[in-house]
Amino acid sequence: MDMQTWRASRARADNATKALREALTALGLPERVQQHLRPMVTHSGTPLVHVGMLNAEYIEQIAEALRAAAEARILTAAAHESGS
């Protein structure tokens, strides 16, 4: 992989990590949870975010927030389809 590809992938991984940190902050999770997040780039250039090991309590909070967001999206889509 060339350096330009690595830099672009790293920037994407950094941005995704930052976005996840912001979301966790919005959920009120402690900063120590965010310390487990690591931006990474594979040898082939795939950008990743390594989440690490988190307390099950925090994962449950994240899962609940994702469920609520998905339900809100479904309700919004249904309202648009029905013309409301």
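Just so it is clear, the structure is predicted and the values come from calculations on it, not from any experiment.
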Atom of [X], atom of [Y] and distance for their closest heavy-atom approach:
| X | Y | answer |
| --- | --- | --- |
| V49 | T17 | CG2-OG1, 3.4 Å |
| L37 | L24 | CD1-CD1, 3.9 Å |
| M1 | T42 | CE-O, 3.3 Å |
| P47 | S9 | CB-O, 3.2 Å |
| Q61 | L27 | O-CD1, 4.3 Å |

Practice prompt. Could you check if a side-chain atom of R32 sits within less than 4.5 angstrom of a side-chain atom of Y58, using non-hydrogen atoms only?
Written response: yes

Discussion item. With clusters defined by side-chain heavy atoms of hydrophobic residues (ILVMFWY) lying less than 4.5 Å apart, directly or transitively, does W6 cluster with L48?
Written reply: no

Worksheet item: Same hydrophobic cluster for I62 and V51, using side-chain heavy-atom links shorter than 4.5 Å among ILVMFWY?
Response: yes

Mind checking the [atom1]-[atom2] spacing from [X] to [Y]? Nearest 0.5 Å is all I need.
| X | Y | atom1 | atom2 | result |
| --- | --- | --- | --- | --- |
| E71 | T76 | CD | OG1 | 11.5 Å |
| R21 | L29 | CZ | CG | 13.5 Å |
| Q35 | L54 | CD | CG | 11.5 Å |
| E57 | E60 | CD | CD | 7.5 Å |

Fill in: Greater than 12 external heavy atoms within 6.0 Å of R10's CZ
yes

Worksheet item: Salt bridge between K18 and D14, side-chain N to carboxylate O under 4.0 Å?
Response: no

